[in-house]
Enquirer: 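Handing you a structure now.
Below, each value reflects all heavy atoms present in this structure, side chains not excepted, and no hydrogens, waters or symmetry copies. This structure is a prediction, so every number in the text was calculated from the model and none was measured.
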Amino acid sequence: MGTAASGVPSRGLFVIELVFALLITRIPYLSVPFKWLESYFHELSHGIATILSSGIVSHIQLFPNGAGFCFSQGGAPLLIGFAGYFGAACWGYLIYLLATWPKGIRVSFALLGALVVLSGLLWGRDLLTLAILAVLTIILLLPLRLSQNKILTQFLRIIGLMIMLNALASPTVLLGLGQGDAVMLAERSWIPAWIWVGMWLLSSICALYFAWRRVDKAANG
């Protein structure tokens, strides 16, 4: 059974948190800031892939509906294009892992908040994007005012799950649109767009599975 000392929930609590996260992602208005989180990590992953492949990031742009763009020059197009949805799923899993580290939970929130602030300073250009990043910073830093680490760990676990769930749902909207990352990758690689979407869905499913394995392993240990 998961303990407060480890920060890993029990199997039953994992399922409850997963259902709760799923419900939040389906509630109008309430779900919007958490869609912004997935969009932010999506564009951040594009930016990181650009830099790692020797490209230059000009700026990122976020929109109220959860869409976003990463404007860049150079780099490896296939790596950059694939990194968005794949990276969002990985970030969700990483955040979930951080939530199982109670002693460092406040450091985790602080680092994530600082990452958003740094992104805004480096790549934020328009007021709307900066406003969205400010909201995300508040979401990540405001919980630090809470005195109980147990609440913080649970909140961070749910955030990680919501990011993974949004990363799972987001690629499906690309099917039939004729635009987006999947189409760009298909045009550059001759691999059909639905295969790229399938790989993104698989990566999100794997991220959720690894989160479950973390819980299951702790329960068996």
Enquirer: Around atom CG of Leu121, are there more than 12 heavy atoms from other residues, nucleotides or ligands closer than 6.0 Å?
Expert: yes
Enquirer: By the side-chain hydrogen bond (donor to acceptor under 3.5 Å, both in side chains) test, which pairs, at least two apart or in different chains, include something from residues 54-65?
Expert: none
Enquirer: Quick one: side-chain contact (heavy atoms from CB on, under 4.5 Å) partners of Leu97, sequence neighbours excluded?
Expert: Tyr93, Arg214
Enquirer: Decide whether Trp123 and Leu52 are clustered together by the hydrophobic rule: side chain heavy atoms of Ile, Leu, Val, Met, Phe, Trp, Tyr closer than 4.5 Å, transitively.
Expert: yes
Enquirer: First locate atom CZ of Arg157, then atom CD1 of Ile105, and finally report the distance between them rounded to the nearest 0.5 Å.
Expert: 8.5 Å
Enquirer: Minimum heavy-atom separation for Ser204 and Leu168, please, with both atom names.
Expert: OG-N, 3.5 Å
Enquirer: With sequence neighbours excluded, what pairs up with Trp200 under the side chain to side chain donor-acceptor pair (under 3.5 Å) test?
Expert: none
Enquirer: Pro9 and Glu17: which non-hydrogen atoms are nearest, and at how many Å?
Expert: CG-OE1, 4.1 Å
Enquirer: Does Ser72 reach the main-chain N or O of Val57 with its side chain, forming a donor-acceptor pair under 3.5 Å?
Expert: no
Enquirer: Can a donor-acceptor pair be found, under 3.5 Å and without considering hydrogens, that links the side chain of Ser39 to the backbone of Lys35?
Expert: no
Enquirer: List the atom of Met199, the atom of Phe82, and the distance in Å for their closest heavy-atom pair.
Expert: CB-CE1, 4.1 Å
Enquirer: Tell me whether Phe155 shares a hydrophobic cluster with Leu146, the cluster being built from Ile, Leu, Val, Met, Phe, Trp, Tyr side chains joined at under 4.5 Å.
Expert: yes
Enquirer: Between Ser53 and Ala76, is there a donor-acceptor pair closer than 3.5 Å when you use the side chain of the first and the backbone of the second?
Expert: yes
Enquirer: How many angstroms lie between CG in Leu112 and CD1 in Ile159, if you round to the nearest 0.5 Å?
Expert: 8.0 Å
Enquirer: Taking only residues two or more places apart in sequence, or in another chain, which ones meet Phe20 in a ring-ring contact (aromatic ring centres under 6.0 Å, His included)?
Expert: none
Enquirer: Any side-chain hydrogen bond (donor to acceptor under 3.5 Å, both in side chains) involving residues 76-86? Give me the pairs, sequence neighbours left out, ordered by first then second residue.
Expert: none
Enquirer: Angle class for the His42/His46 ring planes (parallel below 30°, perpendicular above 60°, tilted otherwise)?
Expert: perpendicular
Enquirer: Check for me whether the distance between the ring centres of Phe210 and Tyr96 falls short of 6.0 Å.
Expert: no
Enquirer: Does Ser170 use its side chain to pair, donor to acceptor, with the backbone of Ala167 at less than 3.5 Å?
Expert: no
Enquirer: Between CZ of Phe34 and CD1 of Ile24, what distance do you get to the nearest 0.5 Å?
Expert: 5.5 Å
Enquirer: Can you list everything that forms a salt bridge (charged side-chain N to carboxylate O under 4.0 Å, His left out) with Arg213? Sequence neighbours excluded, please.
Expert: Asp216
Enquirer: When rounded to the nearest 0.5 angstrom, what distance separates CD1 in Ile48 from OG in Ser119?
Expert: 8.0 Å
Enquirer: Between Ser45 and Ala88, which heavy-atom pair has the shortest distance, and what is it?
Expert: OG-N, 3.8 Å
Enquirer: Would you say that more than 12 heavy atoms from the other residues, nucleotides or ligands in this model lie under 6.0 Å from the CG of Leu118, or not?
Expert: yes
Enquirer: In terms of heavy-atom contacts, does CZ of Arg188 have more than 12 from other residues, nucleotides or ligands at under 6.0 Å?
Expert: no
Enquirer: Any donor and acceptor pair, going by atom type alone, linking the side chain of Glu43 with main-chain N or O of Cys70 inside 3.5 Å?
Expert: yes
Enquirer: Any donor-acceptor pair under 3.5 Å linking the side chain of Arg106 with the backbone of Lys103?
Expert: no
Enquirer: Apply side chain to side chain contact (heavy atoms under 4.5 Å, CB included) to Phe63 and Thr129, showing your working.
Expert: CA-CA 7 Å; Phe63 299 94; Thr129 297; over 6 Å; no
Enquirer: Above 12 or not: heavy atoms from other molecules or residues under 6.0 Å from CZ of Phe86?
Expert: no
Enquirer: Which heavy atom in Ala193 sits nearest to a heavy atom in Ala186, and how many Å separate them?
Expert: N-CB, 3.7 Å
Enquirer: Please give me the minimum heavy-atom distance between Leu141 and Ala110, naming the atom from each residue.
Expert: CD2-CA, 4.0 Å
Enquirer: So which of Ile132, Leu133, Leu62 actually passes side chain to side chain contact (heavy atoms under 4.5 Å, CB included) with Trp36?
Expert: Ile132
